[in-house]
2 protein chains.
Amino acid sequence: MAHLTSAEAADLLERFRHYLREHRLPVTQQRDLIATAIFTAPDHLTAAAVHQRLARQGKRIGIATVYRTLDLLVESGLIRLHEFGDGFRRYEGAAPQGSHGHLVCGVCGGVEEFTNERLERMLPIIADEHHFRYRTHRVELHGTCRACQQRTLEGL
Amino acid sequence: MAHLTSAEAADLLERFRHYLREHRLPVTQQRDLIATAIFTAPDHLTAAAVHQRLARQGKRIGIATVYRTLDLLVESGLIRLHEFGDGFRRYEGAAPQGSHGHLVCGVCGGVEEFTNERLERMLPIIADEHHFRYRTHRVELHGTCRACQQRTLEGL
DNA sequence: ATTTTTGCAAACGGTTTGCAATTAC
DNA sequence: GTAATTGCAAACCGTTTGCAAAAAT
């Protein structure tokens, strides 16, 4: 999600702790830090990016712990996993209010977000038409972002 | 694509050969075989599946060649790459007439396809609204397929 | 005190690459 | 005949796992 407010991040962290207690799992420093790193990130992070982000704050956490905690966060539904086709798994905090689509630029590899109410309303209906029980969706539009279009026009 | 007709497969193969000649690249037996394996497959194949499919026909082709040719096919736009989140890249022949979405079952891992005209019309418009030059899209609906819903009801 | 997590390093598995032999043109 | 591909095996790299030490309950 494009930069959650600190209140939203705090809420997600509290929900993660609740999830852990509910499942009789220890609430550790590492889990708090990893969850917070994702909830406060402005964009979609890879596992390595989470690890670096924490290292830059002086928090040395094993990469294995990062992966294990990311799994927990995905299972709890508090973060979402994406694979945009470049071989990296990326994670982002789950939006409290709803989902969004992604605009993936084939030139610079950047990913922007968009929301569209009509689309959001449509997708569960389509699932239903195919007797498929809807849980969530993923919409990616691939093409060229505005900046790269202009860069191409300028002949660089 | 859910089983292209042999005419459609033949057309795609001819377009692949044309693409190769256009780029001054040799048309080899291996490239023909790999392309045909995908174009005639009933579903989404992994690189390993393509390799096995050919091996079963007595065609021993190196897995590296499979990967290299899949890259060419993706670049040529004649096949599409998907990553449904299980760690495998899957490939399918590009539909001559248009795209389709995927229904990904979280229980059995199966993938069904659907088409929806209204959705197809909508997506390029959404891209445009965000000043994004549309090339293609990917829509996945995640949930539970019909068969797994029934299996759950039966209490298995 | 018991149970689970953590962190390291090694293993894993899909994908990519270097290079000599082969094939396409 | 020249230039590119092929196939093998090794390398690569993101991710997972085994296990002893450390932390949470």
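Keep in mind it's a predicted model, so treat the numbers as computed, not measured. All heavy atoms count here, side chains included; hydrogens, waters and symmetry mates do not. Labels below follow one simple rule: chain letters A, B, ... track the order of the sequence lines, proteins then strands, and each chain is numbered from 1.
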### Message
Taking the nucleotide of DNA chain C with the nearest heavy atom to each, does B:Gly87 or B:Gln29 sit closer to the 5' end?
### Response
B:Gly87
### Query
Closest nucleotide of DNA chain C for B:Pro26 versus for A:Gln30: which of these residues is on the 5' side?
A:Gln30
Out of [options], which has the shortest distance to the side chain of [X]?
X       : options               : result
B:Thr65 : D:dA4, D:dG14, D:dG7  : D:dG7
A:Val27 : D:dT25, D:dG7, D:dT15 : D:dT25
B:Arg31 : C:dA9, C:dT15, D:dT6  : D:dT6
A:Tyr67 : C:dT16, D:dT16, C:dT6 : D:dT16

Whole-Å distance between [N] [atom2] and [X] [atom1]?
X       : N      : atom1 : atom2 : value
B:Asp32 : D:dT5  : CG    : P     : 14 Å
A:Asp86 : C:dT15 : CG    : C1'   : 14 Å
A:His51 : D:dT15 : NE2   : P     : 13 Å
A:Leu20 : C:dT4  : CG    : C1'   : 12 Å
A:Glu22 : D:dT25 : CD    : C1'   : 17 Å
B:Leu54 : D:dG7  : CG    : P     : 10 Å
A:Arg21 : C:dT4  : CZ    : P     : 18 Å
B:Leu72 : D:dA4  : CG    : C1'   : 12 Å

### Message
Applying a 4.0 Å non-hydrogen cut-off, can you work out what A:Arg68 is touching in the nucleic acid: base, sugar-phosphate, or nothing?
### Response
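Since a base atom lies under 4.0 Å of A:Arg68, the category is base.
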### Query
Across the strands shown, which category fits B:Ile63 at heavy-atom distances under 4.0 angstrom: base, sugar-phosphate, nothing?
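Nothing, no nucleic acid heavy atom in range.
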### Message
To check you understand the geometry: which heavy-atom pair defines the closest contact between A:Phe16 and A:Ala35, and what is its length?
### Response
CD2-CB, 3.6 Å
### Message
Return the OG1 to CD distance between B:Thr69 and B:Gln30, rounded to the nearest 0.5 Å.
### Response
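Taking OG1 in B:Thr69 and CD in B:Gln30, the distance rounds to 7.5 Å.
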Between [X] and [N], is there a contact of a side-chain N or O with OP1 or OP2 at under 4.0 Å?
X       : N      : value
B:Arg24 : D:dA4  : no
B:Arg89 : C:dT16 : yes
B:Thr28 : D:dT6  : yes

### Candidates B:Gln52, B:Arg90, B:Arg53, B:Arg89 - the one meeting side chain to side chain contact (heavy atoms under 4.5 Å, CB included) with B:Leu45
B:Arg53
### Query
Got a sec: does the CD of A:Glu117 have more than 12 other heavy atoms crowding it under 6.0 Å?
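No, not enclosed.
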### Query
Testing A:Arg80, A:Glu92, A:Glu120, A:Glu112 for side-chain hydrogen bond (donor to acceptor under 3.5 Å, both in side chains) with A:His100, which one passes?
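Considering A:Arg80, A:Glu92, A:Glu120, A:Glu112, a side-chain hydrogen bond (donor to acceptor under 3.5 Å, both in side chains) with A:His100 is found only for A:Glu92.
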